[in-house]
Amino acid sequence: MPKILSAREVVRQCIRDGDTVTFGGFASGLMHPEEIMVALEEAALAGEGPKDLTVIYASGQGDSDSRGLNHLGVEGLCKKVIGGHWGLAPKLGKLAAENKLAGYNLPQGTIAQLFREIAAGRPGVITHVGLGTFADPRLEGGKLNQAAYDAGDVVKVIEFEGQEKLFYPSMPIHVAVLRASYADTKGNCSFEREGVYAETLAQAQAARNSGGIVIVQVERIVEAGSLDTRLVRLPGIYVDVLVEAEPENHMQSFGTQYNPAFSGEIRVPLGSLAPLPMGERKIIARRAAMELVPNAVTNLGIGMPEGVAAVAAEEGLEGMVLTTEVGAIGGVPAGGKDFGAATNADCVLDQPSQFDFYDGGGLDVAFLGLAQMDAAGNINVSKFGPKITGCGGFVNITQNAKKVVYCGTFKASGLKVDVEDGKLRINQEGKVQKLIPQVEQVTFSGAYAAQHGQPVLYVTERAVFQLTPEGVELKEIAPGVDIQKDVLDQMGFAPIVRDVKEMDPRIFRPEPMGLTL
């Protein structure tokens with residue numbers, strides 16, 4: 001029978017100095033044990049909590065302010081942090097930037113899968129994911145600061161059956177801090193009010209089989225035998241400690257206290273998405289949507305790529321199945337502080353299983369953001385100067401989708417455009433160049449994609465580029481745009497220019513395009 005403790009008691013009794021700890025949940029706070037995290041920060045600030053933890057997590061849970069992994073942002077609490085994403089936990093990222101802990105960023109999906117390898121007693125994950133990117137130890141090995149270089153490698157290059165692979169070694173997990181909806185007094189836990197399942201089961205198994213302990217935060221503890229067996233996703237044989245949380249620290253996500261449509265308990269009518277107003281975002285989304293194929297299994301990145309769904313709705317396109325990296329199949333993915341959840345999903349998988357599908361080539365097309373791009377077709381979305389963002393699932397998704405379409409404005413900071421008489425007019429040029437000689441960090445390797453024959457497009461409001469074996473080629477420009485003044489002179493490298501066509505004129509007209517798959 002598990003112990004029932006308060007969050008404060010858990011921090012003082014169950015987590016020791018130097019432990020390797022994993023925290024469950026997804027970026028926007030879905031499935032995240034916030035009550036325990038609050039207690040951990042309070043203890044650390046009071047000098048009463050554990051010190052020098054090694055922390056490993058797949059999804060960077062946070063609200064860009066104070067919740068989630070931001071609670072770990074107390075100097076001395078962590079000595080080493082291995083995470084899939086850092087951008088939503090700036091307090092933790094600040095410690096890494098100041099070299100006050102050894103910080104590593106590895107592909108999110110690979111970390112999620114690593115928990116299963118640890119659970120099964122296997123040596124680690126052997127995969128192609130990360131080859132040629134900053135996770136490759138021949139580039140940076142995922143190291144974010146000097147403290148990480150001093151601490152050593154957490155990924156290796158190996159040869160396996162004559163092929164080059166990356167090896168992400170297993171490590172013992174001393175403590176797994178997780179969350180569920182309800183638990184019975186035997187420790188059986190159900191997930192029925194959760195928007196995702198993340199990698200909770202794999203983390204629990206990893207800690208249990210490492211000889212560690214499993215701590216689960218729940219909304220309520222109920223009598224043994226009162227939970228529907230079909231809803232129990234985490235059996236009591238894995239669970240050592242239960243913590244009953246206050247409602248404010250057990251929100252479904254950092255944006256929503258509880259929405260039964262996120263957890264699949266109900267389905268709600270979906271109003272049609274409002275058409276995007278004409279502008280750079282709609283132009284980019286329209287051109288990107290032209291790359292959809294019938295019955296496409298699709299992943300849309302957050303931000304600019306989300307416009308593809310709005311264009312598809314306006315055009316009446318059917319057959320596109322949207323998926324989220326954390327496990328939703330079908331439905332409409334949520335954004336903002338609900339990112340990761342989906343309304344009216346057909347199915348929700350655990351995160352390691354979703355990344356198995358992604359890594360094996362299950363995505364027909366992925367639409368991702370374009371922050372920096374260079375002459376080799378490399379993309380950076382993970383590090384900008386001292387700012388640590390992290391890759392999240394970007395590496396797994398972009399390296400393995402059958403087709404990748406990068407979506408973003410040509411320049412950033414202050415760009416203003418409009419459309420008149422079917423032509424694009426640039427009223428104010430952006431101040432920040434995004435197409436540069438060399439990206440600051442390689443989150444996507446153009447050379448790797450070209451070597452494997454992966455189709456890659458880079459769509460902006462004024463130009464479309466394609467990755468070729470010889471490099472980046474300019475393929476299309478918008479009507480009304482001067483190729484020299486508005487495109488070539490605004491780039492930090494010279495693309496291949498052979499046969500440049502005008503972008504489809506329907507993109508720049510106010511009425512629907514009449515797109516078909």
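Computed from a predicted structure; not experimentally measured. All residue numbers in this chain count up from 1 along the given sequence.
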Apply salt bridge (Lys or Arg N to Asp or Glu O under 4.0 Å) to Glu219 and Arg193, showing your working.
CA-CA 9 Å; Glu219 182 177 334; Arg193 287 167 64 86; 3.0 Å; yes
I would like to know whether Glu440 and Lys387 meet salt bridge (Lys or Arg N to Asp or Glu O under 4.0 Å); could you show each step before the answer?
CA-CA 11 Å; Glu440 293 180 60; Lys387 183 180 179 182; over 6 Å; no
Tell me, with the steps shown, if Gln252 and Glu194 meet side chain to side chain donor-acceptor pair (under 3.5 Å).
CA-CA 6 Å; Gln252 196 175 42; Glu194 308 301 326; over 6 Å; no
List the steps, then state whether side chain to side chain donor-acceptor pair (under 3.5 Å) holds for Thr409 with Glu280.
CA-CA 7 Å; Thr409 55; Glu280 64 271 20; over 6 Å; no
Please determine whether side chain to side chain donor-acceptor pair (under 3.5 Å) holds for the pair Glu325 and Gln108, giving the CA-CA distance in whole Å, both sets of side-chain angles, and the decisive distance to 0.1 Å.
CA-CA 9 Å; Glu325 63 204 70; Gln108 176 179 315; 3.0 Å; yes
Walk me through whether Arg116 and Asp356 qualify under salt bridge (Lys or Arg N to Asp or Glu O under 4.0 Å).
CA-CA 12 Å; Arg116 292 194 310 200; Asp356 289 345; 2.6 Å; yes
Evaluate the criterion side chain to side chain donor-acceptor pair (under 3.5 Å) for residue pair Gln61 and His85; output intermediate values, then yes/no.
CA-CA 8 Å; Gln61 309 94 23; His85 195 268; over 6 Å; no
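A donor-acceptor pair shorter than 3.5 Å cannot be found between the side chains of Glu244 and His250. With hydrogens and angles left out, the side-chain atoms of Ser28 and Asp338 include no donor and acceptor closer than 3.5 Å. In the model, Glu140 has a side-chain atom that pairs as donor or acceptor with a side-chain atom of Gln441 under 3.5 Å. Between the side chains of Ser353 and Asp350, at least one donor-acceptor pair of N or O atoms lies under 3.5 Å. For the residue pair Tyr258 / Glu265, a side-chain donor-acceptor distance below 3.5 Å is found, with atom types taken as modelled. Between Tyr238 and Gln205, the side chains place a donor N or O and an acceptor N or O closer than 3.5 Å (distance only, hydrogens not considered). Side-chain contact check for Gln113 and Asp359: at least one donor-acceptor pair (N or O, by modelled atom type) lies under 3.5 Å. When only modelled atom types and interatomic distance are considered, Ser226 and Tyr182 share no side-chain donor-acceptor pair under 3.5 Å.
With values rounded to the nearest 0.5 angstrom, Thr398 atom OG1 is found 6.0 Å from Leu368 atom CG. Separating the CD atom in Gln372 from the CD1 atom in Ile379 is a distance of 9.0 Å, to the nearest 0.5 Å. In this structure, OH in Tyr406 is found 15.5 Å from CE in Met304, a value given to the nearest 0.5 Å.
With salt bridges taken as basic N to acidic carboxylate O contacts below 4.0 Å, one links Asp240 and Arg208. Taking a cutoff of 4.0 Å between a charged side-chain nitrogen and a carboxylate oxygen, Lys186 and Asp184 do not qualify as a salt bridge. Ionic pairing of Lys100 and Glu75 is present here: one or more N-O contacts between side-chain nitrogen and carboxylate oxygen are shorter than 4.0 angstrom. Salt bridge absent: Asp52 and Arg16 never bring a charged side-chain N and a carboxylate O closer than 4.0 Å. Comment: Lys143 engages Asp153 in a salt bridge, judged by a side-chain N to carboxylate O separation of less than 4.0 angstrom. Under 4.0 Å is where a charged nitrogen must lie from a carboxylate oxygen, and between Arg12 and Glu48 at least one such pair does.
Applying the 6.0 Å contact sphere to CD of Glu318 captures no more than 12 heavy atoms from other residues, nucleotides or ligands.
Of the possible donor and acceptor atoms, none in the side chain of His128 sits under 3.5 Å from a partner among the backbone N and O of Gly130. Not one N or O on the side chain of Gln351 forms a donor-acceptor pair closer than 3.5 Å with the backbone of Phe26. Here the side chain of Thr22 pairs no donor or acceptor atom with the backbone of Gln203 at under 3.5 angstrom. Under a 3.5 Å cut-off, the side chain of Asn105 and the backbone N or O of Gly142 do not form any donor-acceptor pair.
Using cut-offs of 30° and 60° for the angle between ring planes, the Phe254 and His32 rings count as perpendicular.
Nearest heavy atoms, Gln217 versus Asn249: NE2-O, 2.9 Å. Looking at every heavy atom in both residues, Gly141 comes nearest to Tyr104 through O-CD2, 4.4 Å. Residue Ile36 comes nearest to Val10 through the heavy atom pair CG2-CG1, 4.3 Å, listed as atom of the first residue, atom of the second, then distance. In plain terms, the two heavy atoms of Gly93 and Trp86 that are nearest each other are CA-CE3, 3.8 Å. Annotation for Pro169 and Val154: closest pair CD-O, 3.2 Å, computed over non-hydrogen atoms.
Residues Asp63 and Leu88 form no side-chain contact, since every pair of their non-hydrogen atoms from C-beta on lies 4.5 Å or further apart.
Each of Val21, Val11, Val175 was scored for a side chain to side chain contact (heavy atoms under 4.5 Å, CB included) with Pro50, with one residue passing: Val11.
No cation-pi contact links Lys156 to Phe167, judged by a cut-off of 6.0 Å to the six-membered ring centre and 45° from its axis.
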